[in-house]
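Working notes, beginning with the structure itself.
Just so we're on the same page: letters track the sequence lines, and every chain starts at 1.
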Amino acid sequence: MRRVVVTGLGLVTPLGADVETTWANLIAGKSGAGQITRFDASNQKCTIACEVKPKDHPWGFDPDKRVDHKIQRQVDPFIIYGIDAAGQALEDAGLTDMTDAEKERTGCSIGSGIGGLPGIEIESVNLHERGPGRVSPHFVHGRLINLITGQVQIKYGFMGPNHAVVTACSTGAHSIGDAARMIMMDDADIMLAGGAESTVNPLGIAGFAQARALNMSMNDRPEEASRPYDRNRDGFVMGEGAGVVVLEEYERAKARGAKIYAEVTGYGLSGDAYHVTAPHPEGRGAELAMRMALKKAGLGPGDIDYINAHGTSTMADTIELAAIKRVLGEGLSGASMSSTKSAIGHLLGGAGAVEAIFCILAMRDQIVPPTLNLHDPDDGTEGIDLVPLVAKKRQVRAVLNNSFGFGGTNASIIMQKVD
Amino acid sequence: MSDTADRVAKIVVEHLGVEADKVTQDASFIDDLGADSLDIVELVMAFEEEFGVEIPDDAAEKITTVGDATKYIEEHKG
(Lines give C-alpha, C1' and ligand atoms only; values in the text may rest on other atoms or scores of the structure.)
Protein backbone atom coordinates (compact mmCIF):
# COMPACT_ATOMS: atom_id res chain seq x y z
CA MET A 1 0.00 0.00 0.00
CA ARG A 2 1.26 3.49 -0.86
CA ARG A 3 2.16 5.66 2.15
CA VAL A 4 0.44 9.02 2.67
CA VAL A 5 1.93 12.09 4.34
CA VAL A 6 0.73 15.58 5.21
CA THR A 7 2.69 18.33 3.45
CA GLY A 8 0.51 21.43 3.83
CA LEU A 9 -1.90 22.98 6.33
CA GLY A 10 -4.59 25.66 6.16
CA LEU A 11 -6.88 27.04 8.87
CA VAL A 12 -9.63 29.59 9.31
CA THR A 13 -10.85 29.49 12.92
CA PRO A 14 -12.31 31.66 15.68
CA LEU A 15 -8.71 32.01 16.95
CA GLY A 16 -7.11 33.10 13.68
CA ALA A 17 -7.30 33.31 9.91
CA ASP A 18 -4.18 31.19 9.41
CA VAL A 19 -2.35 28.24 10.98
CA GLU A 20 0.30 30.02 13.04
CA THR A 21 -2.00 32.67 14.56
CA THR A 22 -4.60 30.07 15.49
CA TRP A 23 -1.99 27.77 17.00
CA ALA A 24 -0.26 30.54 19.00
CA ASN A 25 -3.60 31.67 20.44
CA LEU A 26 -4.62 28.09 21.21
CA ILE A 27 -1.37 27.32 23.02
CA ALA A 28 -1.65 30.63 24.91
CA GLY A 29 -5.03 29.44 26.26
CA LYS A 30 -7.14 32.06 24.50
CA SER A 31 -10.83 31.56 23.76
CA GLY A 32 -12.63 32.38 20.52
CA ALA A 33 -16.03 32.63 22.21
CA GLY A 34 -18.19 35.72 22.57
CA GLN A 35 -21.66 37.10 22.08
CA ILE A 36 -23.05 36.45 18.60
CA THR A 37 -22.39 39.47 16.38
CA ARG A 38 -23.44 38.01 13.02
CA PHE A 39 -27.13 38.65 13.71
CA ASP A 40 -29.37 39.88 16.52
CA ALA A 41 -29.53 36.82 18.78
CA SER A 42 -31.35 38.51 21.66
CA ASN A 43 -34.46 36.34 21.20
CA GLN A 44 -32.47 33.08 21.08
CA LYS A 45 -32.02 30.66 23.99
CA CYS A 46 -28.31 30.64 23.15
CA THR A 47 -26.69 34.02 22.40
CA ILE A 48 -23.03 32.96 22.22
CA ALA A 49 -20.75 31.35 19.65
CA CYS A 50 -17.13 31.09 18.55
CA GLU A 51 -17.28 33.24 15.40
CA VAL A 52 -14.53 33.73 12.85
CA LYS A 53 -13.52 37.31 13.53
CA PRO A 54 -14.03 40.17 11.04
CA LYS A 55 -11.19 41.72 9.03
CA ASP A 56 -10.54 44.59 11.46
CA HIS A 57 -9.99 42.25 14.45
CA PRO A 58 -6.36 41.48 15.45
CA TRP A 59 -6.82 37.91 14.18
CA GLY A 60 -9.67 38.57 11.78
CA PHE A 61 -10.35 36.89 8.44
CA ASP A 62 -9.99 38.81 5.17
CA PRO A 63 -11.95 36.96 2.45
CA ASP A 64 -10.38 39.14 -0.26
CA LYS A 65 -7.03 37.38 0.21
CA ARG A 66 -7.90 34.21 -1.69
CA VAL A 67 -11.54 34.35 -2.82
CA ASP A 68 -12.74 36.33 -5.85
CA HIS A 69 -15.17 39.12 -5.13
CA LYS A 70 -17.77 37.60 -7.45
CA ILE A 71 -17.63 34.20 -5.75
CA GLN A 72 -17.90 35.81 -2.31
CA ARG A 73 -21.24 37.29 -3.38
CA GLN A 74 -22.59 33.99 -4.64
CA VAL A 75 -21.68 31.45 -1.98
CA ASP A 76 -22.22 30.75 1.70
CA PRO A 77 -19.48 31.57 4.24
CA PHE A 78 -18.50 27.89 4.71
CA ILE A 79 -17.40 27.80 1.06
CA ILE A 80 -15.39 31.02 1.43
CA TYR A 81 -13.60 29.63 4.51
CA GLY A 82 -12.96 26.36 2.69
CA ILE A 83 -11.49 27.99 -0.43
CA ASP A 84 -9.21 30.12 1.73
CA ALA A 85 -8.01 27.22 3.89
CA ALA A 86 -7.35 25.12 0.78
CA GLY A 87 -5.32 27.96 -0.72
CA GLN A 88 -3.27 28.28 2.48
CA ALA A 89 -2.56 24.54 2.49
CA LEU A 90 -1.40 24.56 -1.15
CA GLU A 91 0.85 27.57 -0.53
CA ASP A 92 2.28 25.91 2.58
CA ALA A 93 2.99 22.73 0.59
CA GLY A 94 4.67 24.71 -2.21
CA LEU A 95 2.21 23.29 -4.73
CA THR A 96 0.79 26.41 -6.34
CA ASP A 97 2.65 25.79 -9.60
CA MET A 98 1.87 22.27 -10.85
CA THR A 99 2.11 20.72 -14.31
CA ASP A 100 -1.02 19.59 -16.13
CA ALA A 101 -0.05 15.97 -15.50
CA GLU A 102 0.22 16.66 -11.77
CA LYS A 103 -3.12 18.46 -11.75
CA GLU A 104 -4.77 15.39 -13.26
CA ARG A 105 -3.50 13.42 -10.27
CA THR A 106 -4.65 16.01 -7.69
CA GLY A 107 -8.10 15.89 -6.12
CA CYS A 108 -10.17 17.31 -3.30
CA SER A 109 -12.16 15.80 -0.45
CA ILE A 110 -13.45 18.84 1.42
CA GLY A 111 -16.86 18.40 3.05
CA SER A 112 -19.25 20.05 5.45
CA GLY A 113 -21.73 18.79 7.99
CA ILE A 114 -24.67 20.99 7.08
CA GLY A 115 -23.55 23.24 4.24
CA GLY A 116 -25.15 26.55 3.34
CA LEU A 117 -27.77 26.93 6.04
CA PRO A 118 -27.52 30.75 6.26
CA GLY A 119 -28.18 31.09 2.53
CA ILE A 120 -31.01 28.56 2.64
CA GLU A 121 -32.61 30.57 5.44
CA ILE A 122 -32.25 33.90 3.63
CA GLU A 123 -33.53 32.63 0.29
CA SER A 124 -36.42 30.80 1.95
CA VAL A 125 -37.61 34.07 3.50
CA ASN A 126 -37.04 35.75 0.13
CA LEU A 127 -39.17 33.11 -1.61
CA HIS A 128 -42.07 33.53 0.80
CA GLU A 129 -41.97 37.31 0.99
CA ARG A 130 -41.14 38.22 -2.62
CA GLY A 131 -41.86 35.17 -4.77
CA PRO A 132 -39.94 32.55 -6.74
CA GLY A 133 -38.69 35.07 -9.31
CA ARG A 134 -36.53 36.75 -6.64
CA VAL A 135 -34.60 33.61 -5.63
CA SER A 136 -30.93 33.97 -6.56
CA PRO A 137 -29.78 32.01 -9.62
CA HIS A 138 -26.73 31.12 -7.53
CA PHE A 139 -28.86 29.76 -4.70
CA VAL A 140 -28.28 26.03 -5.28
CA HIS A 141 -24.59 25.88 -6.17
CA GLY A 142 -23.79 28.55 -3.58
CA ARG A 143 -25.06 26.32 -0.78
CA LEU A 144 -24.13 22.76 -1.84
CA ILE A 145 -21.67 20.94 0.37
CA ASN A 146 -19.44 19.68 -2.46
CA LEU A 147 -18.92 23.22 -3.76
CA ILE A 148 -15.75 23.87 -1.75
CA THR A 149 -14.23 20.98 -3.64
CA GLY A 150 -15.89 22.22 -6.85
CA GLN A 151 -14.64 25.79 -6.47
CA VAL A 152 -11.12 24.77 -5.47
CA GLN A 153 -10.74 22.36 -8.39
CA ILE A 154 -11.94 25.02 -10.85
CA LYS A 155 -9.67 27.66 -9.33
CA TYR A 156 -6.51 25.54 -9.49
CA GLY A 157 -7.35 23.25 -12.41
CA PHE A 158 -7.32 19.99 -10.44
CA MET A 159 -8.87 17.08 -12.31
CA GLY A 160 -8.46 14.25 -9.80
CA PRO A 161 -11.15 12.88 -7.44
CA ASN A 162 -13.85 15.51 -6.78
CA HIS A 163 -15.30 14.28 -3.49
CA ALA A 164 -17.13 15.70 -0.47
CA VAL A 165 -18.06 13.91 2.71
CA VAL A 166 -21.26 14.66 4.64
CA THR A 167 -21.17 12.89 7.99
CA ALA A 168 -22.25 15.63 10.40
CA CYS A 169 -19.56 16.30 13.00
CA SER A 170 -17.23 13.57 11.80
CA THR A 171 -17.06 15.05 8.26
CA GLY A 172 -13.58 16.54 8.66
CA ALA A 173 -12.04 13.32 9.94
CA HIS A 174 -13.78 11.14 7.35
CA SER A 175 -12.66 13.57 4.63
CA ILE A 176 -9.02 13.11 5.58
CA GLY A 177 -9.35 9.36 6.04
CA ASP A 178 -11.15 8.83 2.73
CA ALA A 179 -8.70 11.06 0.86
CA ALA A 180 -5.72 9.20 2.33
CA ARG A 181 -7.23 5.95 1.06
CA MET A 182 -7.67 7.43 -2.41
CA ILE A 183 -3.93 8.08 -2.50
CA MET A 184 -3.18 4.62 -1.05
CA MET A 185 -5.38 3.06 -3.75
CA ASP A 186 -3.61 5.09 -6.47
CA ASP A 187 -6.66 7.17 -7.42
CA ALA A 188 -4.58 10.31 -6.90
CA ASP A 189 -1.09 11.44 -5.82
CA ILE A 190 -2.17 14.59 -4.01
CA MET A 191 -5.45 15.30 -2.18
CA LEU A 192 -6.67 18.44 -0.46
CA ALA A 193 -8.74 17.13 2.41
CA GLY A 194 -10.74 18.72 5.18
CA GLY A 195 -13.99 20.31 6.20
CA ALA A 196 -15.71 23.63 6.78
CA GLU A 197 -18.80 24.94 8.50
CA SER A 198 -20.61 28.19 9.13
CA THR A 199 -24.04 27.92 10.69
CA VAL A 200 -23.93 30.85 13.08
CA ASN A 201 -27.29 32.04 11.76
CA PRO A 202 -30.72 32.24 13.41
CA LEU A 203 -31.92 28.88 12.08
CA GLY A 204 -28.66 27.09 12.95
CA ILE A 205 -28.51 28.38 16.52
CA ALA A 206 -32.23 27.80 17.10
CA GLY A 207 -32.06 24.29 15.64
CA PHE A 208 -29.19 23.12 17.82
CA ALA A 209 -30.70 24.88 20.85
CA GLN A 210 -34.01 23.07 20.32
CA ALA A 211 -32.10 19.79 20.02
CA ARG A 212 -30.73 20.62 23.50
CA ALA A 213 -27.20 20.37 22.19
CA LEU A 214 -25.98 23.92 22.84
CA ASN A 215 -24.88 25.50 26.10
CA MET A 216 -27.70 27.82 27.14
CA SER A 217 -26.81 28.44 30.78
CA MET A 218 -23.70 30.59 30.37
CA ASN A 219 -24.81 33.27 27.91
CA ASP A 220 -23.31 35.86 30.26
CA ARG A 221 -19.92 34.08 30.37
CA PRO A 222 -19.21 32.99 26.78
CA GLU A 223 -15.52 32.20 27.32
CA GLU A 224 -16.38 29.78 30.12
CA ALA A 225 -19.26 28.00 28.38
CA SER A 226 -17.28 25.31 26.52
CA ARG A 227 -15.88 23.15 29.34
CA PRO A 228 -15.32 19.54 28.24
CA TYR A 229 -15.00 16.98 31.08
CA ASP A 230 -15.94 19.61 33.68
CA ARG A 231 -18.72 18.57 36.04
CA ASN A 232 -20.63 21.75 35.15
CA ARG A 233 -20.55 21.30 31.39
CA ASP A 234 -23.87 21.94 29.79
CA GLY A 235 -23.75 21.68 26.00
CA PHE A 236 -21.45 22.76 23.19
CA VAL A 237 -20.66 26.23 21.88
CA MET A 238 -21.11 26.67 18.15
CA GLY A 239 -17.91 27.36 16.22
CA GLU A 240 -17.23 28.05 12.56
CA GLY A 241 -14.32 27.95 10.15
CA ALA A 242 -12.36 25.49 8.03
CA GLY A 243 -9.37 23.18 8.09
CA VAL A 244 -7.70 21.72 5.01
CA VAL A 245 -4.55 19.60 4.70
CA VAL A 246 -2.52 18.61 1.68
CA LEU A 247 -2.07 14.84 1.61
CA GLU A 248 0.63 13.51 -0.67
CA GLU A 249 2.03 10.15 -1.63
CA TYR A 250 5.17 9.68 0.49
CA GLU A 251 7.77 8.87 -2.20
CA ARG A 252 6.62 11.81 -4.31
CA ALA A 253 6.77 14.19 -1.33
CA LYS A 254 10.24 12.93 -0.39
CA ALA A 255 11.52 13.22 -3.97
CA ARG A 256 10.51 16.87 -4.26
CA GLY A 257 11.99 17.68 -0.84
CA ALA A 258 8.63 18.63 0.62
CA LYS A 259 8.24 19.59 4.26
CA ILE A 260 6.64 16.45 5.75
CA TYR A 261 4.54 17.12 8.84
CA ALA A 262 3.22 13.63 9.55
CA GLU A 263 2.11 10.33 8.10
CA VAL A 264 -1.51 9.21 8.14
CA THR A 265 -1.11 5.68 9.42
CA GLY A 266 -4.50 4.72 10.85
CA TYR A 267 -8.12 5.32 9.97
CA GLY A 268 -11.13 3.70 11.60
CA LEU A 269 -14.81 4.24 10.94
CA SER A 270 -17.98 2.80 12.38
CA GLY A 271 -21.63 3.35 13.19
CA ASP A 272 -23.43 3.33 16.55
CA ALA A 273 -26.72 1.77 15.37
CA TYR A 274 -28.33 3.35 18.39
CA HIS A 275 -29.87 6.88 18.24
CA VAL A 276 -29.99 9.88 15.90
CA THR A 277 -28.37 12.36 18.30
CA ALA A 278 -27.24 10.49 21.43
CA PRO A 279 -24.11 8.34 21.30
CA HIS A 280 -24.30 4.69 22.29
CA PRO A 281 -24.27 4.84 26.13
CA GLU A 282 -21.21 2.62 26.30
CA GLY A 283 -19.47 4.22 23.35
CA ARG A 284 -19.44 0.95 21.40
CA GLY A 285 -19.20 2.67 18.01
CA ALA A 286 -16.43 4.98 19.15
CA GLU A 287 -14.54 1.97 20.49
CA LEU A 288 -14.81 0.12 17.18
CA ALA A 289 -13.50 3.14 15.23
CA MET A 290 -10.50 3.57 17.55
CA ARG A 291 -9.65 -0.13 17.52
CA MET A 292 -9.75 -0.19 13.73
CA ALA A 293 -7.47 2.86 13.48
CA LEU A 294 -4.94 1.37 15.92
CA LYS A 295 -4.92 -1.91 14.04
CA LYS A 296 -4.37 -0.18 10.69
CA ALA A 297 -1.53 1.84 12.19
CA GLY A 298 0.00 -1.29 13.70
CA LEU A 299 0.27 0.46 17.03
CA GLY A 300 -0.29 -0.81 20.55
CA PRO A 301 -2.39 0.92 23.24
CA GLY A 302 0.70 2.46 24.82
CA ASP A 303 1.96 4.07 21.61
CA ILE A 304 -0.47 7.02 21.50
CA ASP A 305 1.04 10.17 23.04
CA TYR A 306 -1.76 12.66 22.43
CA ILE A 307 -5.49 12.31 21.87
CA ASN A 308 -7.49 15.21 20.52
CA ALA A 309 -10.86 14.08 21.80
CA HIS A 310 -14.23 14.75 20.26
CA GLY A 311 -15.10 16.21 23.71
CA THR A 312 -17.91 18.61 22.83
CA SER A 313 -18.67 19.74 26.40
CA THR A 314 -21.80 17.60 26.58
CA MET A 315 -22.73 14.53 28.60
CA ALA A 316 -21.18 12.45 25.81
CA ASP A 317 -17.64 13.46 26.89
CA THR A 318 -17.46 10.79 29.57
CA ILE A 319 -18.91 8.16 27.21
CA GLU A 320 -16.03 8.82 24.81
CA LEU A 321 -13.61 8.73 27.72
CA ALA A 322 -14.92 5.33 28.88
CA ALA A 323 -14.44 3.97 25.34
CA ILE A 324 -10.90 5.33 25.20
CA LYS A 325 -10.13 3.66 28.54
CA ARG A 326 -11.31 0.31 27.19
CA VAL A 327 -9.23 0.68 24.03
CA LEU A 328 -5.99 2.01 25.53
CA GLY A 329 -6.23 0.53 29.03
CA GLU A 330 -2.98 1.08 30.93
CA GLY A 331 -1.59 2.74 27.81
CA LEU A 332 -3.69 5.80 28.57
CA SER A 333 -1.56 6.57 31.65
CA GLY A 334 1.31 7.73 29.43
CA ALA A 335 -0.87 9.82 27.11
CA SER A 336 -2.26 13.34 27.24
CA MET A 337 -5.74 14.07 26.01
CA SER A 338 -7.47 17.41 25.49
CA SER A 339 -10.49 18.93 23.82
CA THR A 340 -9.67 22.06 21.84
CA LYS A 341 -13.41 22.66 21.43
CA SER A 342 -12.98 24.38 24.81
CA ALA A 343 -11.24 27.21 22.92
CA ILE A 344 -12.68 27.28 19.40
CA GLY A 345 -16.12 25.75 19.98
CA HIS A 346 -17.54 22.98 17.86
CA LEU A 347 -16.88 23.47 14.14
CA LEU A 348 -19.25 20.60 13.27
CA GLY A 349 -18.17 19.41 9.80
CA GLY A 350 -14.93 21.39 10.10
CA ALA A 351 -14.04 20.04 13.56
CA GLY A 352 -12.25 16.82 12.59
CA ALA A 353 -10.00 18.56 10.07
CA VAL A 354 -9.13 21.53 12.28
CA GLU A 355 -8.40 19.20 15.18
CA ALA A 356 -6.27 16.92 12.99
CA ILE A 357 -4.16 19.98 12.19
CA PHE A 358 -3.83 20.71 15.93
CA CYS A 359 -2.60 17.12 16.37
CA ILE A 360 -0.01 17.66 13.63
CA LEU A 361 1.19 20.91 15.20
CA ALA A 362 1.43 19.18 18.58
CA MET A 363 3.88 16.73 16.95
CA ARG A 364 5.77 19.52 15.19
CA ASP A 365 6.26 21.62 18.34
CA GLN A 366 6.17 18.85 20.97
CA ILE A 367 3.49 20.64 22.97
CA VAL A 368 -0.15 19.69 23.55
CA PRO A 369 -2.96 22.27 23.64
CA PRO A 370 -5.04 22.68 26.82
CA THR A 371 -8.63 21.90 27.76
CA LEU A 372 -9.89 25.29 28.91
CA ASN A 373 -12.37 25.77 31.77
CA LEU A 374 -11.64 22.36 33.25
CA HIS A 375 -11.77 23.30 36.93
CA ASP A 376 -13.80 20.44 38.38
CA PRO A 377 -13.19 17.23 36.41
CA ASP A 378 -16.18 14.90 36.26
CA ASP A 379 -16.26 11.41 37.77
CA GLY A 380 -14.33 8.91 35.69
CA THR A 381 -11.56 11.32 34.69
CA GLU A 382 -9.28 10.39 37.63
CA GLY A 383 -5.69 9.66 36.67
CA ILE A 384 -6.10 10.89 33.09
CA ASP A 385 -4.06 13.86 31.89
CA LEU A 386 -6.72 16.11 30.34
CA VAL A 387 -4.24 19.02 30.04
CA PRO A 388 -6.41 21.36 32.13
CA LEU A 389 -6.16 25.11 31.50
CA VAL A 390 -2.57 25.36 30.23
CA ALA A 391 -0.66 23.79 27.34
CA LYS A 392 1.94 21.19 28.19
CA LYS A 393 5.37 20.43 26.72
CA ARG A 394 5.83 16.71 26.16
CA GLN A 395 7.00 14.12 23.69
CA VAL A 396 4.44 13.62 20.90
CA ARG A 397 5.19 10.99 18.24
CA ALA A 398 1.77 9.47 17.59
CA VAL A 399 -1.64 11.14 17.81
CA LEU A 400 -5.24 9.98 17.78
CA ASN A 401 -8.04 12.28 16.63
CA ASN A 402 -11.67 11.30 17.33
CA SER A 403 -14.79 12.72 15.68
CA PHE A 404 -18.37 11.55 16.16
CA GLY A 405 -21.59 12.83 14.60
CA PHE A 406 -25.38 12.82 14.60
CA GLY A 407 -26.68 9.68 12.97
CA GLY A 408 -24.25 7.60 15.01
CA THR A 409 -21.23 8.12 12.76
CA ASN A 410 -17.68 7.71 14.12
CA ALA A 411 -14.20 8.37 12.72
CA SER A 412 -10.75 8.00 14.27
CA ILE A 413 -7.51 9.07 12.62
CA ILE A 414 -3.98 8.19 13.74
CA MET A 415 -1.00 10.18 12.52
CA GLN A 416 2.67 9.75 13.32
CA LYS A 417 5.89 11.68 13.01
CA VAL A 418 8.05 10.63 10.05
CA ASP A 419 11.70 10.21 11.01
CA MET B 1 -23.38 59.35 -19.10
CA SER B 2 -27.03 59.38 -18.14
CA ASP B 3 -28.12 58.70 -14.58
CA THR B 4 -29.48 55.30 -15.71
CA ALA B 5 -26.17 54.38 -17.34
CA ASP B 6 -24.29 55.33 -14.17
CA ARG B 7 -26.53 53.24 -11.97
CA VAL B 8 -26.37 50.26 -14.36
CA ALA B 9 -22.57 50.48 -14.42
CA LYS B 10 -22.43 50.59 -10.63
CA ILE B 11 -24.51 47.42 -10.33
CA VAL B 12 -22.33 45.64 -12.89
CA VAL B 13 -19.13 46.59 -11.03
CA GLU B 14 -20.58 45.43 -7.73
CA HIS B 15 -21.93 42.12 -9.02
CA LEU B 16 -19.11 41.06 -11.31
CA GLY B 17 -16.23 42.51 -9.31
CA VAL B 18 -14.72 44.16 -12.42
CA GLU B 19 -12.83 47.46 -12.76
CA ALA B 20 -15.20 50.39 -13.29
CA ASP B 21 -13.33 51.62 -16.41
CA LYS B 22 -14.03 48.29 -18.17
CA VAL B 23 -17.77 48.78 -17.83
CA THR B 24 -18.36 50.81 -21.01
CA GLN B 25 -21.74 50.87 -22.72
CA ASP B 26 -20.29 48.66 -25.50
CA ALA B 27 -18.93 46.05 -23.10
CA SER B 28 -20.38 42.55 -23.52
CA PHE B 29 -21.24 40.89 -20.22
CA ILE B 30 -19.89 37.53 -21.33
CA ASP B 31 -17.05 38.42 -23.73
CA ASP B 32 -15.64 41.49 -21.97
CA LEU B 33 -16.68 41.28 -18.34
CA GLY B 34 -16.29 37.55 -17.61
CA ALA B 35 -19.93 36.91 -16.75
CA ASP B 36 -21.70 33.59 -17.32
CA SER B 37 -25.36 33.08 -18.10
CA LEU B 38 -26.30 32.86 -14.41
CA ASP B 39 -24.51 36.12 -13.67
CA ILE B 40 -26.71 37.76 -16.30
CA VAL B 41 -29.84 36.37 -14.64
CA GLU B 42 -28.63 37.86 -11.37
CA LEU B 43 -27.80 41.20 -13.00
CA VAL B 44 -31.24 41.39 -14.58
CA MET B 45 -32.79 40.78 -11.16
CA ALA B 46 -30.67 43.57 -9.72
CA PHE B 47 -31.71 45.94 -12.51
CA GLU B 48 -35.38 45.11 -11.89
CA GLU B 49 -34.89 45.85 -8.22
CA GLU B 50 -33.00 49.11 -8.74
CA PHE B 51 -35.23 50.60 -11.40
CA GLY B 52 -38.60 49.05 -10.55
CA VAL B 53 -38.97 47.63 -14.04
CA GLU B 54 -39.91 44.12 -15.06
CA ILE B 55 -37.59 42.51 -17.58
CA PRO B 56 -39.28 39.38 -19.00
CA ASP B 57 -37.11 36.37 -19.90
CA ASP B 58 -37.40 36.91 -23.67
CA ALA B 59 -36.24 40.52 -23.30
CA ALA B 60 -33.48 39.51 -20.85
CA GLU B 61 -32.09 37.07 -23.40
CA LYS B 62 -31.48 39.95 -25.82
CA ILE B 63 -29.52 41.97 -23.27
CA THR B 64 -25.89 41.13 -24.00
CA THR B 65 -24.10 44.45 -23.43
CA VAL B 66 -24.17 47.11 -20.73
CA GLY B 67 -25.70 49.47 -23.32
CA ASP B 68 -28.49 46.98 -24.09
CA ALA B 69 -29.45 47.01 -20.43
CA THR B 70 -29.33 50.80 -20.15
CA LYS B 71 -31.45 51.18 -23.30
CA TYR B 72 -34.07 48.67 -22.18
CA ILE B 73 -34.40 50.28 -18.75
CA GLU B 74 -34.67 53.83 -20.15
CA GLU B 75 -37.40 52.70 -22.52
CA HIS B 76 -39.39 50.83 -19.90
CA LYS B 77 -38.96 52.52 -16.55
CA GLY B 78 -42.05 54.27 -15.26
Side-chain angles (χ1 to χ4, degrees), chain A residues 54-55 61-77 79-84 86-87 115-116 118-157 162, chain B residues 6-66 68-70 72-73 75-78:
Chain A
K55 196 159 56 173
F61 171 65
D62 178 4
D64 294 335
K65 261 191 178 168
R66 294 184 186 84
V67 186
D68 288 347
H69 172 86
K70 196 171 95 173
I71 291 169
Q72 286 182 42
R73 289 180 36 84
Q74 297 173 354
V75 306
D76 249 63
I79 297 179
I80 297 173
Y81 297 155
I83 296 171
D84 187 275
I120 291 171
E121 178 179 56
I122 289 164
E123 291 294 337
S124 175
V125 171
N126 204 14
L127 170 73
H128 286 282
E129 290 184 348
R130 303 169 69 212
R134 307 313 300 173
V135 172
S136 166
H138 301 290
F139 169 58
V140 175
H141 54 268
R143 320 274 95 74
L144 285 179
I145 281 174
N146 65 310
L147 260 288
I148 301 172
T149 284
Q151 291 279 7
V152 168
Q153 294 205 200
I154 292 164
K155 180 174 179 180
Y156 295 100
N162 182 304
Chain B
D6 277 346
R7 284 155 72 194
V8 165
K10 203 174 156 216
I11 290 170
V12 173
V13 168
E14 170 63 19
H15 278 251
L16 299 180
V18 289
E19 299 296 327
D21 59 6
K22 285 192 178 153
V23 187
T24 62
Q25 291 298 303
D26 294 337
S28 156
F29 291 118
I30 290 177
D31 297 334
D32 300 321
L33 301 176
D36 60 26
S37 60
L38 293 179
D39 293 328
I40 296 178
V41 175
E42 200 186 21
L43 278 172
V44 166
M45 286 170 62
F47 297 147
E48 289 179 326
E49 195 102 330
E50 171 77 12
F51 296 101
V53 295
E54 197 175 326
I55 309 176
D57 286 354
D58 57 343
E61 278 167 22
K62 296 191 185 98
I63 293 175
T64 63
T65 67
V66 177
D68 292 342
T70 306
Y72 185 92
I73 292 160
E75 285 171 5
H76 292 82
K77 70 179 172 184

Open item on the list: Rounded at 0.5 Å granularity, tell me how far CZ in Phe29(B) sits from CD1 in Ile40(B).
Closed with: 6.5 Å
TODO: Please identify each residue that fulfils side chain to side chain contact (heavy atoms under 4.5 Å, CB included) with Thr24(B), with sequence neighbours left out.
DONE: Asp26(B), Ala27(B)
Task: Pairwise distance CZ(Phe51(B)) to CD1(Ile11(B)) - rounded to 0.5 angstrom - done: 5.0 Å
Open item on the list: Rounded to the nearest 0.5 Å, what separates atom CD1 in Ile63(B) from atom CD1 in Ile55(B)?
Closed with: 4.5 Å
Open item on the list: Once rounded to the nearest 0.5 Å, what's the spacing between atom CG of Leu144(A) and atom CD1 of Ile79(A)?
Closed with: 7.5 Å
TODO: Can you measure from CD1 (Ile154(A)) to CD1 (Ile71(A)) and round to the nearest 0.5 angstrom?
DONE: 8.0 Å
Write out all chain B-chain A donor-acceptor pairs shorter than 3.5 Å, or none if the list is empty.
| residue | atom | partner | partner atom | Å |
| --- | --- | --- | --- | --- |
| Glu14(B) | O | His69(A) | NE2 | 2.7 |
| His15(B) | ND1 | Arg73(A) | NH2 | 2.7 |
| His15(B) | NE2 | Arg73(A) | NH2 | 3.2 |
| Gly34(B) | O | Lys70(A) | NZ | 3.2 |
| Asp39(B) | OD1 | Gln74(A) | NE2 | 2.9 |
| Asp39(B) | OD1 | His138(A) | NE2 | 3.3 |
| Asp39(B) | OD2 | Lys70(A) | NZ | 2.6 |
| Glu42(B) | OE1 | His138(A) | NE2 | 3.2 |
| Met45(B) | O | Arg134(A) | NH2 | 2.9 |
| Glu48(B) | OE1 | Arg134(A) | NH1 | 2.9 |
| Glu49(B) | OE1 | Arg130(A) | NH2 | 2.6 |
| Glu49(B) | OE1 | Arg134(A) | NH2 | 2.6 |
| Glu49(B) | OE2 | Arg130(A) | NH2 | 2.5 |

